[in-house]
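Okay, so here's the structure we're looking at.
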There are 2 protein chains.
Amino acid sequence: MKGSEPAAKREGASGTPVAEVGPNPILQALAERLPLWKRPGYLVRRLHQIHYALFFEECAEFGITPVQYGLLTILSTNPDTDQISLANALGIDRTNVADVLARLEQRGFVARMRSRADRRMVLARLTPEGEELVGRMHPAMARAQTRLLESLDEDERERFVATILKLLEANNRYGRAPLGASKMDHT
Amino acid sequence: MKGSEPAAKREGASGTPVAEVGPNPILQALAERLPLWKRPGYLVRRLHQIHYALFFEECAEFGITPVQYGLLTILSTNPDTDQISLANALGIDRTNVADVLARLEQRGFVARMRSRADRRMVLARLTPEGEELVGRMHPAMARAQTRLLESLDEDERERFVATILKLLEANNRYGRAPLGASKMDHT
DNA sequence: ATAAAAAAGGATGTATACTGATGATTATCG
DNA sequence: CGATAATCATCAGTATACATCCTTTTTTAT
(Lines give C-alpha, C1' and ligand atoms only; values in the text may rest on other atoms or scores of the structure.)
Protein backbone atom coordinates (compact mmCIF):
# COMPACT_ATOMS: atom_id res chain seq x y z
CA MET A 1 0.00 0.00 0.00
CA LYS A 2 0.98 3.57 -0.49
CA GLY A 3 -0.62 5.24 2.47
CA SER A 4 1.45 3.96 5.35
CA GLU A 5 4.74 5.69 4.93
CA PRO A 6 5.29 9.42 4.92
CA ALA A 7 4.61 10.78 1.50
CA ALA A 8 7.47 13.20 1.36
CA LYS A 9 9.83 10.29 1.63
CA ARG A 10 8.49 8.74 -1.52
CA GLU A 11 10.24 11.28 -3.61
CA GLY A 12 11.99 13.74 -1.43
CA ALA A 13 15.34 14.90 -2.57
CA SER A 14 15.86 12.01 -4.93
CA GLY A 15 13.27 12.84 -7.56
CA THR A 16 13.33 16.58 -7.31
CA PRO A 17 16.77 17.98 -7.88
CA VAL A 18 15.17 21.40 -8.08
CA ALA A 19 14.33 21.46 -4.39
CA GLU A 20 16.97 22.79 -2.14
CA VAL A 21 15.77 22.36 1.41
CA GLY A 22 12.95 21.02 3.52
CA PRO A 23 9.81 22.87 4.56
CA ASN A 24 9.81 26.44 5.76
CA PRO A 25 10.80 26.28 9.44
CA ILE A 26 8.35 28.96 10.50
CA LEU A 27 5.43 27.11 8.97
CA GLN A 28 6.79 23.88 10.35
CA ALA A 29 6.61 25.37 13.84
CA LEU A 30 3.04 26.52 13.30
CA ALA A 31 1.97 23.11 12.06
CA GLU A 32 3.61 21.43 15.01
CA ARG A 33 1.87 23.64 17.51
CA LEU A 34 -1.55 23.13 15.92
CA PRO A 35 -1.44 20.06 13.68
CA LEU A 36 -4.48 18.80 11.87
CA TRP A 37 -5.46 16.27 14.53
CA LYS A 38 -5.57 19.01 17.17
CA ARG A 39 -7.99 21.11 15.18
CA PRO A 40 -11.52 20.40 16.40
CA GLY A 41 -13.01 21.42 13.09
CA TYR A 42 -10.85 18.95 11.25
CA LEU A 43 -11.76 16.16 13.67
CA VAL A 44 -15.45 16.93 13.31
CA ARG A 45 -15.16 16.85 9.54
CA ARG A 46 -13.50 13.44 9.66
CA LEU A 47 -16.16 12.08 12.00
CA HIS A 48 -18.82 13.42 9.70
CA GLN A 49 -17.27 11.55 6.80
CA ILE A 50 -17.19 8.36 8.82
CA HIS A 51 -20.85 8.68 9.56
CA TYR A 52 -21.50 9.05 5.86
CA ALA A 53 -19.53 5.89 5.16
CA LEU A 54 -21.40 3.94 7.84
CA PHE A 55 -24.73 5.24 6.63
CA PHE A 56 -23.99 4.24 3.06
CA GLU A 57 -22.85 0.84 4.15
CA GLU A 58 -26.04 0.17 6.08
CA CYS A 59 -28.43 1.82 3.65
CA ALA A 60 -26.82 1.02 0.31
CA GLU A 61 -29.81 -0.98 -0.93
CA PHE A 62 -32.09 2.03 -0.59
CA GLY A 63 -29.97 4.58 -2.40
CA ILE A 64 -30.88 7.25 0.15
CA THR A 65 -28.37 9.68 1.64
CA PRO A 66 -28.35 10.91 5.25
CA VAL A 67 -29.69 14.29 4.23
CA GLN A 68 -32.42 12.72 2.15
CA TYR A 69 -33.48 10.52 5.04
CA GLY A 70 -33.46 13.50 7.36
CA LEU A 71 -35.80 15.30 5.04
CA LEU A 72 -38.05 12.27 4.74
CA THR A 73 -38.14 12.00 8.53
CA ILE A 74 -39.32 15.56 8.90
CA LEU A 75 -41.96 15.09 6.24
CA SER A 76 -43.16 11.91 7.94
CA THR A 77 -44.17 13.92 10.98
CA ASN A 78 -44.86 17.24 9.27
CA PRO A 79 -46.68 16.79 5.99
CA ASP A 80 -47.22 19.78 3.72
CA THR A 81 -44.27 21.81 4.86
CA ASP A 82 -42.76 24.58 2.78
CA GLN A 83 -39.13 24.50 1.73
CA ILE A 84 -37.82 27.22 4.00
CA SER A 85 -39.34 25.57 7.05
CA LEU A 86 -37.80 22.30 5.96
CA ALA A 87 -34.44 24.04 5.59
CA ASN A 88 -34.70 25.43 9.11
CA ALA A 89 -35.78 22.13 10.56
CA LEU A 90 -32.99 20.20 8.90
CA GLY A 91 -30.31 22.84 9.20
CA ILE A 92 -29.43 23.15 5.55
CA ASP A 93 -29.79 25.84 2.93
CA ARG A 94 -33.12 26.42 1.25
CA THR A 95 -31.67 25.91 -2.21
CA ASN A 96 -30.27 22.62 -1.06
CA VAL A 97 -33.71 21.58 0.18
CA ALA A 98 -35.13 22.31 -3.25
CA ASP A 99 -32.44 20.14 -4.86
CA VAL A 100 -32.96 17.24 -2.49
CA LEU A 101 -36.73 17.45 -2.83
CA ALA A 102 -36.47 17.45 -6.61
CA ARG A 103 -34.49 14.22 -6.53
CA LEU A 104 -36.88 12.60 -4.06
CA GLU A 105 -39.84 13.74 -6.11
CA GLN A 106 -38.32 12.31 -9.26
CA ARG A 107 -38.04 8.94 -7.56
CA GLY A 108 -41.63 9.08 -6.39
CA PHE A 109 -41.05 9.42 -2.65
CA VAL A 110 -42.25 12.98 -2.32
CA ALA A 111 -44.96 15.11 -3.91
CA ARG A 112 -44.85 18.90 -4.16
CA MET A 113 -47.56 21.42 -4.87
CA ARG A 114 -48.15 25.12 -4.60
CA SER A 115 -49.97 26.25 -1.50
CA ARG A 116 -53.35 27.77 -2.19
CA ALA A 117 -53.25 29.94 0.88
CA ASP A 118 -49.93 31.49 -0.15
CA ARG A 119 -49.03 30.87 -3.74
CA ARG A 120 -45.38 31.69 -3.15
CA MET A 121 -44.94 28.51 -1.14
CA VAL A 122 -44.37 25.00 -2.36
CA LEU A 123 -45.53 22.33 0.07
CA ALA A 124 -43.98 18.88 0.19
CA ARG A 125 -45.34 15.64 1.54
CA LEU A 126 -44.51 11.96 1.43
CA THR A 127 -46.17 9.76 -1.15
CA PRO A 128 -47.36 6.32 0.00
CA GLU A 129 -44.13 4.95 -1.51
CA GLY A 130 -42.21 7.50 0.52
CA GLU A 131 -43.96 6.47 3.73
CA GLU A 132 -43.26 2.86 3.01
CA LEU A 133 -39.60 3.65 2.40
CA VAL A 134 -39.19 5.60 5.63
CA GLY A 135 -40.59 2.73 7.66
CA ARG A 136 -38.64 0.03 5.87
CA MET A 137 -35.37 1.92 5.99
CA HIS A 138 -35.55 3.01 9.61
CA PRO A 139 -33.72 -0.01 11.10
CA ALA A 140 -30.76 0.41 8.74
CA MET A 141 -30.53 4.12 9.54
CA ALA A 142 -30.69 3.39 13.26
CA ARG A 143 -27.89 0.82 12.92
CA ALA A 144 -25.66 3.45 11.28
CA GLN A 145 -26.31 5.80 14.21
CA THR A 146 -25.54 3.09 16.75
CA ARG A 147 -22.39 1.96 15.03
CA LEU A 148 -20.93 5.45 14.95
CA LEU A 149 -20.67 5.52 18.74
CA GLU A 150 -20.49 1.82 19.51
CA SER A 151 -16.83 1.98 20.49
CA LEU A 152 -17.76 4.20 23.45
CA ASP A 153 -19.13 2.96 26.73
CA GLU A 154 -22.55 4.12 27.78
CA ASP A 155 -21.21 6.88 29.96
CA GLU A 156 -18.89 8.37 27.37
CA ARG A 157 -21.56 8.09 24.70
CA GLU A 158 -24.02 10.13 26.71
CA ARG A 159 -21.46 12.78 27.56
CA PHE A 160 -20.44 13.04 23.94
CA VAL A 161 -23.98 13.57 22.68
CA ALA A 162 -24.68 16.03 25.47
CA THR A 163 -21.57 18.00 24.58
CA ILE A 164 -22.48 18.21 20.91
CA LEU A 165 -25.96 19.41 21.80
CA LYS A 166 -24.45 22.06 24.04
CA LEU A 167 -22.16 23.18 21.22
CA LEU A 168 -25.03 23.34 18.76
CA GLU A 169 -27.08 25.46 21.11
CA ALA A 170 -24.17 27.76 21.89
CA ASN A 171 -23.53 28.28 18.18
CA ASN A 172 -27.15 28.48 17.25
CA ARG A 173 -26.72 31.52 15.06
CA TYR A 174 -24.15 29.93 12.78
CA GLY A 175 -24.97 27.46 10.11
CA ARG A 176 -28.40 27.53 8.70
CA ALA A 177 -30.77 26.34 11.36
CA PRO A 178 -31.90 27.86 14.58
CA LEU A 179 -31.87 24.69 16.63
CA GLY A 180 -35.35 25.33 17.93
CA ALA A 181 -36.88 24.73 14.56
CA SER A 182 -35.56 21.20 14.42
CA LYS A 183 -37.81 20.28 17.30
CA MET A 184 -40.71 21.16 15.07
CA ASP A 185 -42.96 18.33 15.91
CA HIS A 186 -40.71 15.61 17.26
CA THR A 187 -41.33 16.28 20.91
CA MET B 1 -38.57 35.94 10.93
CA LYS B 2 -40.00 32.82 9.51
CA GLY B 3 -38.05 30.11 11.23
CA SER B 4 -39.45 30.25 14.71
CA GLU B 5 -42.83 28.61 14.50
CA PRO B 6 -43.53 25.06 13.45
CA ALA B 7 -43.76 24.82 9.72
CA ALA B 8 -46.68 22.45 9.51
CA LYS B 9 -48.81 25.01 11.23
CA ARG B 10 -48.23 27.51 8.49
CA GLU B 11 -50.55 25.75 6.16
CA GLY B 12 -51.88 22.62 7.78
CA ALA B 13 -55.44 21.69 7.01
CA SER B 14 -56.40 25.17 5.90
CA GLY B 15 -54.56 25.39 2.64
CA THR B 16 -54.73 21.79 1.59
CA PRO B 17 -58.28 20.48 1.41
CA VAL B 18 -56.88 17.39 -0.26
CA ALA B 19 -55.27 16.16 2.94
CA GLU B 20 -57.40 14.09 5.20
CA VAL B 21 -55.38 13.34 8.31
CA GLY B 22 -52.09 14.01 10.04
CA PRO B 23 -48.90 12.05 9.66
CA ASN B 24 -48.76 8.29 9.56
CA PRO B 25 -48.89 7.16 13.21
CA ILE B 26 -46.36 4.36 12.71
CA LEU B 27 -43.79 6.74 11.27
CA GLN B 28 -44.67 9.26 13.92
CA ALA B 29 -43.77 6.69 16.57
CA LEU B 30 -40.45 5.92 14.88
CA ALA B 31 -39.55 9.59 14.64
CA GLU B 32 -40.43 10.12 18.28
CA ARG B 33 -38.25 7.28 19.43
CA LEU B 34 -35.26 8.42 17.35
CA PRO B 35 -35.75 12.05 16.37
CA LEU B 36 -33.16 13.96 14.43
CA TRP B 37 -31.50 15.49 17.46
CA LYS B 38 -30.92 12.06 18.97
CA ARG B 39 -29.08 10.80 15.89
CA PRO B 40 -25.34 11.20 16.45
CA GLY B 41 -24.70 11.40 12.73
CA TYR B 42 -27.10 14.26 12.37
CA LEU B 43 -25.56 16.12 15.31
CA VAL B 44 -22.08 15.64 13.88
CA ARG B 45 -23.20 16.97 10.53
CA ARG B 46 -24.63 20.08 12.15
CA LEU B 47 -21.48 20.69 14.14
CA HIS B 48 -19.47 20.30 10.97
CA GLN B 49 -21.56 22.96 9.28
CA ILE B 50 -21.09 25.29 12.22
CA HIS B 51 -17.35 24.88 11.97
CA TYR B 52 -17.56 25.80 8.31
CA ALA B 53 -19.52 28.92 9.16
CA LEU B 54 -17.03 29.94 11.85
CA PHE B 55 -14.11 29.26 9.56
CA PHE B 56 -15.60 31.38 6.80
CA GLU B 57 -16.34 34.16 9.21
CA GLU B 58 -12.77 34.27 10.48
CA CYS B 59 -11.06 33.65 7.15
CA ALA B 60 -13.36 35.46 4.74
CA GLU B 61 -10.68 37.90 3.59
CA PHE B 62 -8.47 35.05 2.38
CA GLY B 63 -11.06 33.16 0.34
CA ILE B 64 -9.67 29.85 1.58
CA THR B 65 -11.87 26.97 2.71
CA PRO B 66 -11.13 24.58 5.57
CA VAL B 67 -10.20 21.78 3.20
CA GLN B 68 -7.94 24.07 1.20
CA TYR B 69 -6.18 25.21 4.35
CA GLY B 70 -5.79 21.62 5.48
CA LEU B 71 -4.10 20.81 2.22
CA LEU B 72 -1.87 23.86 2.45
CA THR B 73 -0.92 22.85 5.97
CA ILE B 74 0.17 19.41 4.85
CA LEU B 75 2.15 20.86 1.98
CA SER B 76 3.82 23.33 4.33
CA THR B 77 5.44 20.47 6.21
CA ASN B 78 5.59 17.93 3.37
CA PRO B 79 6.64 19.55 0.12
CA ASP B 80 6.53 17.52 -3.07
CA THR B 81 3.83 15.11 -2.03
CA ASP B 82 1.79 13.13 -4.52
CA GLN B 83 -1.98 13.41 -4.67
CA ILE B 84 -2.86 10.03 -3.21
CA SER B 85 -0.64 10.60 -0.20
CA LEU B 86 -2.24 13.99 0.25
CA ALA B 87 -5.66 12.36 0.07
CA ASN B 88 -4.68 9.87 2.76
CA ALA B 89 -3.17 12.53 4.95
CA LEU B 90 -6.18 14.79 4.72
CA GLY B 91 -8.83 12.10 4.73
CA ILE B 92 -10.54 13.04 1.50
CA ASP B 93 -10.94 11.41 -1.87
CA ARG B 94 -8.07 11.62 -4.34
CA THR B 95 -10.25 13.12 -7.06
CA ASN B 96 -11.20 15.78 -4.58
CA VAL B 97 -7.53 16.46 -3.87
CA ALA B 98 -6.94 16.97 -7.57
CA ASP B 99 -9.83 19.45 -7.71
CA VAL B 100 -8.65 21.39 -4.68
CA LEU B 101 -5.06 21.45 -5.93
CA ALA B 102 -6.19 22.71 -9.32
CA ARG B 103 -7.96 25.64 -7.71
CA LEU B 104 -5.01 26.44 -5.46
CA GLU B 105 -2.65 26.18 -8.39
CA GLN B 106 -4.79 28.50 -10.46
CA ARG B 107 -4.55 31.09 -7.69
CA GLY B 108 -0.79 30.71 -7.50
CA PHE B 109 -0.51 29.14 -4.05
CA VAL B 110 0.59 25.72 -5.22
CA ALA B 111 2.78 24.34 -8.00
CA ARG B 112 2.47 20.86 -9.47
CA MET B 113 4.87 18.83 -11.55
CA ARG B 114 5.37 15.27 -12.67
CA SER B 115 7.78 13.23 -10.62
CA ARG B 116 10.85 12.15 -12.52
CA ALA B 117 11.34 9.08 -10.36
CA ASP B 118 7.82 7.83 -11.05
CA ARG B 119 6.19 9.50 -13.98
CA ARG B 120 2.74 8.45 -12.86
CA MET B 121 2.89 10.78 -9.89
CA VAL B 122 2.14 14.48 -9.72
CA LEU B 123 3.94 16.23 -6.88
CA ALA B 124 2.60 19.38 -5.28
CA ARG B 125 4.36 22.04 -3.27
CA LEU B 126 3.67 25.52 -1.96
CA THR B 127 4.79 28.51 -3.95
CA PRO B 128 6.35 31.42 -2.04
CA GLU B 129 2.92 33.08 -2.23
CA GLY B 130 1.41 29.92 -0.75
CA GLU B 131 3.86 29.89 2.12
CA GLU B 132 3.19 33.51 2.81
CA LEU B 133 -0.56 32.82 2.84
CA VAL B 134 -0.30 29.89 5.23
CA GLY B 135 1.64 31.94 7.74
CA ARG B 136 -0.54 35.01 7.44
CA MET B 137 -3.77 33.06 7.68
CA HIS B 138 -2.81 30.84 10.59
CA PRO B 139 -4.15 33.09 13.38
CA ALA B 140 -7.58 33.36 11.75
CA MET B 141 -7.76 29.59 11.28
CA ALA B 142 -6.74 29.05 14.90
CA ARG B 143 -9.46 31.43 16.07
CA ALA B 144 -12.07 29.43 14.21
CA GLN B 145 -10.88 26.27 15.94
CA THR B 146 -10.94 27.93 19.35
CA ARG B 147 -14.36 29.44 18.88
CA LEU B 148 -15.93 26.12 17.97
CA LEU B 149 -15.31 24.77 21.46
CA GLU B 150 -15.16 27.98 23.45
CA SER B 151 -18.50 27.34 25.15
CA LEU B 152 -17.00 24.29 26.88
CA ASP B 153 -14.87 24.41 29.98
CA GLU B 154 -11.34 23.11 29.76
CA ASP B 155 -12.25 19.70 31.12
CA GLU B 156 -15.16 19.09 28.80
CA ARG B 157 -13.18 20.37 25.85
CA GLU B 158 -10.40 17.89 26.44
CA ARG B 159 -12.80 14.99 26.91
CA PHE B 160 -14.63 15.93 23.75
CA VAL B 161 -11.50 16.00 21.62
CA ALA B 162 -10.27 12.76 23.17
CA THR B 163 -13.59 11.08 22.41
CA ILE B 164 -13.55 12.16 18.78
CA LEU B 165 -10.00 10.85 18.40
CA LYS B 166 -11.08 7.56 19.91
CA LEU B 167 -14.01 7.36 17.47
CA LEU B 168 -11.77 8.15 14.52
CA GLU B 169 -9.33 5.44 15.48
CA ALA B 170 -12.07 2.89 16.10
CA ASN B 171 -13.56 3.61 12.68
CA ASN B 172 -10.24 3.86 10.94
CA ARG B 173 -11.28 1.70 8.03
CA TYR B 174 -14.23 3.93 7.09
CA GLY B 175 -13.89 7.25 5.47
CA ARG B 176 -10.91 7.86 3.31
CA ALA B 177 -7.92 8.05 5.54
CA PRO B 178 -6.16 5.50 7.62
CA LEU B 179 -5.59 7.78 10.57
CA GLY B 180 -1.91 6.88 10.71
CA ALA B 181 -1.26 8.63 7.46
CA SER B 182 -2.40 11.93 8.88
CA LYS B 183 0.52 11.86 11.28
CA MET B 184 2.74 11.97 8.23
CA ASP B 185 5.24 14.44 9.41
CA HIS B 186 3.59 16.43 12.11
CA THR B 187 5.08 14.54 15.03
C1' DA C 1 11.72 -10.81 -21.55
C1' DT C 2 7.11 -10.46 -21.74
C1' DA C 3 2.42 -10.79 -20.00
C1' DA C 4 -0.30 -9.76 -16.05
C1' DA C 5 -1.17 -7.07 -12.05
C1' DA C 6 -0.95 -2.94 -9.53
C1' DA C 7 -0.67 1.91 -8.92
C1' DA C 8 -1.34 6.93 -10.13
C1' DG C 9 -3.91 10.20 -12.18
C1' DG C 10 -7.63 12.03 -15.35
C1' DA C 11 -12.49 12.31 -16.95
C1' DT C 12 -17.26 11.97 -16.06
C1' DG C 13 -21.32 11.96 -13.28
C1' DT C 14 -23.99 12.44 -8.91
C1' DA C 15 -25.07 14.59 -4.46
C1' DT C 16 -24.52 17.80 -0.96
C1' DA C 17 -23.92 22.83 0.64
C1' DC C 18 -23.80 27.52 0.08
C1' DT C 19 -23.87 32.58 -2.15
C1' DG C 20 -25.94 35.92 -4.88
C1' DA C 21 -29.24 37.45 -8.26
C1' DT C 22 -33.86 37.34 -10.08
C1' DG C 23 -38.79 36.89 -10.28
C1' DA C 24 -43.32 36.13 -8.37
C1' DT C 25 -46.49 36.83 -4.63
C1' DT C 26 -48.03 38.73 -0.43
C1' DA C 27 -48.07 42.14 3.24
C1' DT C 28 -47.62 46.80 4.78
C1' DC C 29 -47.44 51.61 5.06
C1' DG C 30 -48.43 56.25 3.67
C1' DC D 1 -55.26 52.55 -3.31
C1' DG D 2 -50.73 52.25 -4.78
C1' DA D 3 -45.74 52.21 -3.87
C1' DT D 4 -42.74 49.63 -1.09
C1' DA D 5 -41.23 45.82 2.04
C1' DA D 6 -40.82 41.32 2.92
C1' DT D 7 -41.23 36.58 1.72
C1' DC D 8 -40.67 32.31 -1.04
C1' DA D 9 -38.85 29.90 -4.78
C1' DT D 10 -35.72 29.34 -8.63
C1' DC D 11 -31.47 29.88 -11.29
C1' DA D 12 -26.58 30.29 -11.96
C1' DG D 13 -22.17 29.61 -10.06
C1' DT D 14 -18.61 27.68 -6.77
C1' DA D 15 -16.68 24.10 -3.79
C1' DT D 16 -16.54 19.86 -1.49
C1' DA D 17 -17.01 14.63 -1.60
C1' DC D 18 -17.31 10.37 -3.69
C1' DA D 19 -17.91 6.44 -7.30
C1' DT D 20 -16.67 4.49 -11.76
C1' DC D 21 -14.34 3.98 -15.80
C1' DC D 22 -10.20 4.76 -18.39
C1' DT D 23 -5.13 5.60 -19.72
C1' DT D 24 -0.36 5.64 -18.58
C1' DT D 25 3.32 3.93 -16.08
C1' DT D 26 5.55 0.82 -12.98
C1' DT D 27 6.05 -3.57 -10.77
C1' DT D 28 5.59 -8.51 -10.55
C1' DA D 29 5.41 -13.03 -11.85
C1' DT D 30 6.24 -16.52 -15.13
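What you are looking at is a predicted structure, and each value in this text was computed from that prediction instead of being measured. By convention in this document, chain letters (A, B, ...) are assigned in the order of the sequence lines, proteins followed by strands, and residues within each chain are numbered from 1. Any value given below was found using the heavy atoms of this structure, including those in side chains, with hydrogens, waters and symmetry copies removed.
- Shown here, C/dA8 is classed anti by the O4'-C1'-N9-C4 or O4'-C1'-N1-C2 angle, which is more than 90° from 0.
- Checking C/dT25, C/dA17, D/dA17 against every side-chain atom of B/N96, the shortest atom distance belongs to D/dA17.
- No donor-acceptor contact under 3.5 Å links the side chain of B/R119 to the base of D/dT25.
- In this model, no side-chain donor or acceptor of A/R120 finds a partner on the base of C/dA24 within 3.5 Å.
- In this structure, D/dA5 makes no Watson-Crick or G-U wobble pair, since no nucleotide meets both defining distances under 3.5 angstrom.
- Annotation: salt bridge (charged side-chain N to carboxylate O under 4.0 Å, His left out) contacts of A/E154 (sequence neighbours excluded): A/R157.
- Between A/Q49 and D/dA17, a side-chain N or O to OP1/OP2 separation shorter than 4.0 Å is absent.
- Across all strands, B/F56 comes closer than 4.0 Å to no nucleic acid atom at all (heavy-atom distances).
- You'll find the side chain of A/R94 stays beyond 4.5 Å of the side chain of A/Q83, heavy atoms only.
- A/D118 and A/S115 share no donor-acceptor pair across their side chains, judged by distance under 3.5 Å alone.
- Between the side chain of B/R114 and the backbone N or O of B/R119 there is at least one donor-acceptor pair closer than 3.5 Å.
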Using the 3.5 Å cut-off, write out each protein N or O paired with an N or O of nucleotides 10-12 of chain C and the distance between them.
from	atom 1	to	atom 2	distance (Å)
C/dG10	OP2	B/Q83	NE2	3.2
C/dG10	N7	B/R94	NH1	3.4
C/dG10	O6	B/R94	NH1	3.3
C/dG10	O6	B/R94	NH2	2.5

